[in-house]
**Q** 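A single structure is presented below for examination.
Letters go in sequence order (proteins before strands), and every chain restarts at 1.
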Amino acid sequence: MESLFGDQDFFEKQSGNNFADVILPVPIPRMFTYKIPVAIRSQIQIGARVIVQFGKKKVLTGIIGKVHNKPPQAYEAKPILDVLDIQPSVNPLQIRFWVWMASYYCCHIGEVMHAALPSGLRLSSESKIQLNPNFDREESKYPLDFREEKILEALEKSEEITYEDCEKILGVKTIHPILKSLVAKEAILIFEKVQEKYTPKVETRLRLTKDIAESKTALEAVFEGIAGKPKQESILLKYLRDVPVFQKPQLNEKGVDKATLLEEGDSESSLKTLIKNGIFESFKLVVNRLGEEEPEKEASELSSTQQAALEEIKGHFESKSTVLLHGVTGSGKTEIYIKLIQEVLESGSQVLMLLPEIALTIQIVSRLKKVFGSQMGIYHSKYSDNERVEVWNGVLCGRFSFVVGVRSSIFLPFDSLGLIIVDEEHEPSYKQFDPAPRFHARDAATMLAYFHQAKTLLGSATPSFESYFNANQGKYGYVEINHRFGDASMPEFHLANLSADRKKNLLKLDSTRLMREKIQAALDKQEQVLIFQNRRGYSPYIQCEDCGWTGQCVQCDVSLTYHQFAEEMRCHYCGYKEKVPQSCPACGSTQLTTMGMGTERIEESLSLLFPEARMGRMDLDTTRNKYGYQRILDEFGAGQIDILVGTQMITKGLDFGKVTVVGIWDGDRILNFPDFRAGERAYQQITQVAGRAGRREAKGQVVIQSRDPENDLYEKVIKGDYFEFFRQEMIDRKKFYYPPYVKLVKITTRHSDFKIAEKAAHALHREMANIAAKKIVLGPEKGIIARIKNQYQFESLIKLDRNGNSQAVFKESLAKILEDLQSRPEFRSVRWIVDVDPS
DNA sequence: AGCACGCCGACT
DNA sequence: GTCGGCGTGCTC
């Protein structure tokens, strides 16, 4: 693989170079060398988008990664067909970042490009069909069959048609042979048409014609002219209400969007008449999809605690590039961020702020928008491709100097970052696990900051062990705030004993007496309740009471999850679904019951226990569409929901003073997860959920239901002594070689044949054991799920020394090993998936 | 990843 | 006989 990293001539503008190494969005571990035609040599720059032919017919958009003068030995390089950018879409810093990411996360640079570049910036190529100009129907020596005739007829009508058109014309799916035969008969030509995918948004706008807008008498005359035509009159009046043409003539210049002007009841024909009579004129305007908003510039004052924390952070930045801000929920971290962002922006640098996906739709964004207005870009995962391109270009041209976004916003084309903030840095959703690159946005962000010589601020109420460890080691600066803002008090914890209540027969629909009492008390005072249930490994399923049958996925070794609202059983791994059967497929019994306790079941139980309460539910099912999440939040905020049941999502961004009780339905479920991070996650989750209780005047109550209330993790959470918890957990982490003491690399071996998968996994194990380094190789073991999508899988775990250099050496050897194994005929169709720092 | 080429089953 | 299934090999 051609290495760009550390290559000295990399940034230099090259003049006499004949070849370019192009990054293409394909999962092949190398760049591709193309010839630079003399005609476009002056336009070739690192990071520019180019069009190249790849394979026999494919035309792809690539990025220039490197230019040089070494002709490839083994093949003839194809020419670059075109350069798309005058100013490169990608800057050299980004390419360094891509190269780093590919090597650190053991993936191909093309995969990084695929993740980084919005697909709207890639051109799409579509095969088009055209009549061959040299073809003469009469003189053709070859007879045409009726299908071929039909295609030619269509081509005589319109100049070019697509494959899809052909399929429609003939009503057949397989048109390729027909077209092939037509090409052979020299009747048609097939060519690739390349099109830019991004289309700017164009609005049709209307304004008064100049003569009328500039003269009151002209306008009066118009009114007289349309007297007795109420529809035209109403449109004109509405326009004048929105646009004071005489006070602010420049507003008439901009006009009004047609859709806004024509509301319900207004007829388009009246408007047409107005245009025809020269009163209105219509014109097209390119607008941006993201909307404009001017900042309100509220001057927010920091409390003395916040001010002190800010000074401390800045102090650490003098000597350290990364600072961990450990501030309890409600300590006002956002205000500190805002001050810091303002300062960096004023110094002329750019700022990136990362948020976990589910936190992005909420208050914090509108809060920031109010302060930063149109210089702030938002990069959301639910954005359409056109919207992504607009944010990308906004950063590129300097319109956005500050971006708030999800993990993929680390790929935006910043050229002078001064600060990256990673809020809720402990959130596991910062790690991407499928597809490659399987990067962690927090870790990648610190690397990105390093390339920019920028600072990184990690914020959390419950830091990840990795970050906390780094802070303890003095690698990161550490700033702690342990007061809630405005003296809101910390919540009061209660442990409700499930086993004891069951013995005493106090358990009703899986709720303890204490839980019911606390909920009832809140309802009596018209306060709100949040109930949390962990989703991971805790989904409801259908079981036969007579024979114990459960629905299994046909492609994966897992039980199907029951989804009540659709009466379906679904596989969470491959998406397979089937209707719930009427009777047991194994024994015919009709006694099928729901097992497990999903949010749906809890909601149902609670509405039986508290029939007068208004219930709401927030989970994947209810928030699947773009606005579902916001709608539930709005309803809850407006007090239209008394009890909200939900998964992880409810721990984010709910800041409503009326929540006084938070219930954790099954605390044990959070604790007993078979993972070395279980304790850490449990502490984080419980603390985060509890933080939603009583954020204003009333003291919050947190009820945790558990079969094992004696477990000392609860005690630690309740005490809130993070350091002590950390210290004890770390003893085990050290003893059993787990992060942050070591680095983990997980390799999954997959094949549809169990035997081959097993053999391949063992072969890999042997090879890895052979390479000398300070490391431990575990496995291979059958995956926790032995089969996914009909692929059997084995997992190996490698524990590496924290030392960065030996890691890099290992990863390089690993790449060689995998390439070698892959080339053996027996393992040709085996898939290997490398996950660095798995979550 | 696509996409072509190539060699075996079920249909007009 | 053909259509069309997906194994496997290649992409500068």
**Q** May I have the distance from A:Trp832 (atom CH2) to B:dA1 (atom P), rounded to whole angstrom?
**A** 15 Å
**Q** With a 4.5 Å limit on heavy-atom distance, are the side chains of A:Leu131 and A:Leu155 in contact?
**A** yes
**Q** For the pair made of NZ in A:Lys58 and P in B:dC3, what is the distance, rounded to whole Å?
**A** 6 Å
**Q** Checking all strands, does A:Lys56 fall into the base, sugar-phosphate, or nothing category for heavy-atom contacts under 4.0 angstrom?
**A** nothing
**Q** At under 4.0 Å between heavy atoms, what does A:Tyr34 touch on the DNA or RNA strands: base, sugar-phosphate, or nothing?
**A** sugar-phosphate
**Q** Using a heavy-atom cut-off of 4.0 Å across all strands, would you classify A:Glu111 as base, sugar-phosphate, or nothing?
**A** nothing
**Q** Quick check: are there more than 12 heavy atoms from other residues, nucleotides or ligands sitting under 6.0 Å from NZ of A:Lys759?
**A** no
**Q** Determine whether the aromatic ring centres of A:Tyr34 and A:Phe19 lie less than 6.0 Å apart.
**A** no
**Q** Tell me the interatomic distance from A:Ile51, atom CD1, to C:dC12, atom P, rounded to whole angstroms.
**A** 15 Å
**Q** Identify whether any heavy atom of A:Pro72 sits under 4.0 Å from a base atom; if not, whether one sits that close to sugar-phosphate; answer base, sugar-phosphate or nothing.
**A** nothing
**Q** In whole angstrom, give the distance that lies between atom CG of A:Leu24 and atom C1' of B:dA1.
**A** 12 Å
**Q** Do A:Leu764 and A:Ile817 have side chains that get closer than 4.5 Å, going by heavy atoms?
**A** yes
**Q** Is there a side-chain contact between A:Tyr105 and A:His440 in this structure, where contact means two heavy atoms from C-beta onward sitting under 4.5 Å apart?
**A** yes
**Q** Restricting to ring pair (Phe, Tyr, Trp, His ring centres under 6.0 Å), what partner residues turn up for A:Phe439, sequence neighbours left out?
**A** A:Phe411
**Q** What's the CG-P distance between A:Leu81 and C:dC12, to the nearest Å?
**A** 11 Å
**Q** Rounded to whole angstroms, how far apart are CD on A:Glu76 and P on C:dT11?
**A** 14 Å
**Q** If you draw the axis of the six-membered ring of A:Tyr792, does the NZ or CZ of A:Arg750 fall within 45° of it and under 6.0 Å from the ring centre?
**A** no
**Q** Could you tell me the separation between the CG atom of A:Leu60 and the P atom of C:dC12, rounded to a whole number of Å?
**A** 9 Å
**Q** Please list each protein N or O that sits under 3.5 Å from an N or O in nucleotides 5-8 of chain C, with the distance.
**A**
none

**Q** What's the CD1-P distance between A:Ile28 and B:dC3, to the nearest Å?
**A** 13 Å
